[in-house]
Protein chains: 2
Amino acid sequence: MSPTIRDVAQKAGVSVATVSRVVNDRPGYSAETRNKVLRVIEELGYQPNALARGLVSKRSRTVGVLIPNISSMVASEMLKGIEDAAHTIGQSVIVCNTDNNGERTLEYLQVLKEKQVDGIIVVSAPITPLYHQKFGEMQVPVVLVSTRYHDGNLPFVKVDDEKAAYHATAYLIKKGHEEIGMIAGSKDDRIAGIPRVEGYRKALSDHGIPIRDQYITYGNFGFQSGMAGLERLLEAAPEITAIFCASDEMAAGALSLAHRRGIEIPDRLSLIGYDDSQLAEMTIPPLTTLRQPLCQMGQEGLTMLMAMIEEGKRTIHSKILPYTIVERETVRELR
Amino acid sequence: MSPTIRDVAQKAGVSVATVSRVVNDRPGYSAETRNKVLRVIEELGYQPNALARGLVSKRSRTVGVLIPNISSMVASEMLKGIEDAAHTIGQSVIVCNTDNNGERTLEYLQVLKEKQVDGIIVVSAPITPLYHQKFGEMQVPVVLVSTRYHDGNLPFVKVDDEKAAYHATAYLIKKGHEEIGMIAGSKDDRIAGIPRVEGYRKALSDHGIPIRDQYITYGNFGFQSGMAGLERLLEAAPEITAIFCASDEMAAGALSLAHRRGIEIPDRLSLIGYDDSQLAEMTIPPLTTLRQPLCQMGQEGLTMLMAMIEEGKRTIHSKILPYTIVERETVRELR
DNA sequence: CAGGGATACGTAAACGTTTACGTTAGCAGC
DNA sequence: GCTGCTAACGTAAACGTTTACGTATCCCTG
């Protein structure tokens, strides 16, 4: 068996309280005993038992992260940011791949409660009232990353999707495009779906460009749906000269289909993506895209969570992070 | 405060032992009391405290996963497999992004020990003797996924890299190629580097094709290094008609550079990748590649770990999983 | 009807910490 | 020399479980 605090105390000739004090460096011992205890700890290779610690201190030094798909390029980047920030302040993270499954999410919530996590971060998944209620019952701080909850207040960190989408299509307009299509995300996604087409619409109308319904098509943010989206757009509106894609993956799909159809990018068709995931620099040609600071979003999320935990607050100010456009080679200037 | 087992016991008019028995359904109570207890649990919304449970049962129902980079496409796929298998048997997973940093890895090992994890999986990272020693001291089951330890025995699950690489280049040969280059991984990587070039070499010599050093170049499995690799190969051996890339990402890099240089794939140059990560179907053209069952590797890894935990064994038989070649569009048949 | 063996519980110790509280010794101040 | 204060500890309760052990009841058997 591993040595316990009692073993250390006995061997050092002090009480367990004293050992605890030096381990947590809390005052109440002389330099001499401190050294003695430290030496014994070294000798025995003593490591405190986090379960026992957590039991009495009511702090497990662990947070839970709910995430729809760990292996998604964009989600995993945020997870990385969370993990990184967590590590630097000595917290561990339990990952929960919800698969966008409500039942599974509820199971995870239960597990996280039982494991006494100090807080929960949910990444890029829609929040239902049921979850919200559970959060309340659990009495545990929650922060949302790349998502938000409209019917109540849960602190979140994200970029302003509508503004970002506005900016992306305005960029296309500035480059001289007027026949601008959009391959949007899910039609009923209130986070990354609707706001982005809203931004697109507003940019067009602000610049006096008519909005045509047949210029917009919907996908599910995935590669295949990007291919299908371009296919539909080509059919419905061949006059389009540029497309705003609501995700890099869909843009990559569009790129693939364009290649298959012999459509040259950016010469005949310009494309701008969204996210700036790893994929963006790997496409042919490299994808111009609207960058979300994914990793940073994760870090900020964890930082906010810790602030809530330390201050014992049920909420905290949300954070809107800045986006940028990274220009690569898929949009061409129309003269 | 959340209700404890004592609250339940009191309200149900039984002892804590009985409540514990019904919660863990262990024999020793009548159907009647069982119902009464269950009802009270429901009423109070009682959830057992996993810390207290773990403290006495010596099982935290949590495993740790050490992984060099969570956001890597191939690693995250394996992580997903692990998480999935873990969830189905009620284990949680703590992720540790080591960044391939030795010091950081050691820190994580310490944390995992303190958190009393039931086991550890290390994914796709080289194992040093120091780690091996730590594992021994920690007295905790360990399994390796997509890596192995040559100087001692730690159970692992992976594909046979050398055989797979052999197969991939033999595939190229079967397609009529003879001038076959390789963009390899790191020169000093004993897991995914050296074996794959060994397989490549053996395939060539088995088929009576001379091995030329200038046909092999080394990268780091990343996109950029794939570009650079092809650039060097083009310079050193322009007569090459096919290339075996030790990762999909490097293949994608090669694809990009080829496009930039006006080299048509697969018409003038065939390419085969390794991994079959998400990327493979997103390239232009879609990448023919050697598929590793990444997700399954993670699942098997966790299953093996649990077997060790349950049987209290320090080791177990390793597993070699089958690969397959998935044919897409980057290899052309030479007549 | 004595004896034995289930069955259905309850009691209390144990897990490894933290921490409130008590105790002792030393010393300053008067 | 007494009071009071502080530093440096030690004692023991508490955290929420599991589980070994004890006990009372009931029933069966001969």
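These figures come from a predicted structure and were not determined experimentally. Residue numbering restarts at 1 for every chain, and letters A, B, ... go by the order of the sequence lines.
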Quiz item: What's the verdict on salt bridge (charged side-chain N to carboxylate O under 4.0 Å, His left out) for A:Arg190 and A:Asp161, showing C-alpha distance, side-chain angles and the deciding distance?
Solution: CA-CA 10 Å; A:Arg190 292 177 66 185; A:Asp161 283 68; over 6 Å; no
Rounded distance in Å - [atom1] ([X]) to [atom2] ([N]):
| X | N | atom1 | atom2 | value |
| --- | --- | --- | --- | --- |
| A:Arg59 | D:dC15 | CZ | P | 19 Å |
| A:Glu32 | C:dA25 | CD | C1' | 15 Å |
| B:Lys113 | C:dT17 | NZ | P | 10 Å |
| A:Asn35 | D:dA8 | CG | P | 13 Å |
| B:Arg61 | D:dT17 | CZ | C1' | 15 Å |
| A:Tyr29 | D:dG10 | OH | P | 14 Å |
| A:Gln10 | D:dG10 | CD | C1' | 15 Å |
| A:Leu51 | D:dG16 | CG | P | 15 Å |

Self-check item: Distance-only polar pair, side chains of A:Lys115 and B:Ser92, donor-acceptor under 3.5 Å
Solution: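 Yes, side-chain donor-acceptor contact under 3.5 Å.
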Quiz item: Do A:Ser186 and A:Asp188 meet the criterion of a side-chain donor-acceptor pair at a distance under 3.5 Å?
Solution: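 Looking only at side-chain atoms, A:Asp188 and A:Ser186 do not form any donor-acceptor pair under 3.5 Å.
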Choosing from [options], which nucleotide comes nearest the side chain of [X]?
| X | options | result |
| --- | --- | --- |
| B:Ala52 | D:dG16, C:dT18, D:dT18 | D:dG16 |
| A:Ser15 | D:dT17, D:dT11, C:dT18 | D:dT11 |
| A:Ala17 | C:dT19, C:dT17, D:dC9 | C:dT19 |
| A:Thr4 | D:dC9, C:dT17, C:dT19 | C:dT17 |
| B:Arg21 | C:dA8, D:dC21, C:dT17 | D:dC21 |
| A:Leu55 | D:dG16, C:dT17, C:dT11 | D:dG16 |
| A:Val56 | D:dT17, D:dC21, C:dG16 | C:dG16 |
| A:Asn49 | C:dT17, C:dC9, C:dA12 | C:dT17 |

Could you check whether [X] gets within reach of a base, just the sugar-phosphate, or nothing at all, counting any heavy atom under 4.0 Å?
| X | value |
| --- | --- |
| B:Gln47 | sugar-phosphate |
| A:Pro48 | sugar-phosphate |
| B:Arg26 | sugar-phosphate |
| A:Ser20 | base |

Exercise. Tell me which of A:Arg53 and B:Val16 sits closer to the 5' end of DNA chain C, going by the nucleotide each one is nearest to.
Key: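 Comparing both residues, the 5'-ward one is B:Val16.
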Quiz item: Considering all heavy atoms of both residues, which atom of B:Leu109 and which atom of B:Met138 are nearest to each other, and what is their separation?
Solution: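 Of all heavy-atom pairs spanning B:Leu109 and B:Met138, the closest is O-CE, 3.5 Å.
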Practice problem: Considering non-hydrogen atoms only, spot the tightest contact between B:Pro126 and B:Asn100 and give its length. | Solution: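 B:Pro126 and B:Asn100 have their closest heavy atoms at CD-OD1, 4.1 Å.
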Looking at [N], I'd like to know if its phosphate oxygens (OP1 or OP2) sit under 4.0 Å from a side-chain N or O belonging to [X].
| X | N | result |
| --- | --- | --- |
| B:Thr18 | C:dA8 | no |
| A:Ser30 | D:dC9 | yes |
| B:Lys58 | C:dG16 | yes |

Quiz prompt | Check: A:Phe156 main-chain N/O paired with A:Ser318 side-chain donor or acceptor under 3.5 Å | solution =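 Flag set: sc A:Ser318 to bb A:Phe156 pair under 3.5 Å.
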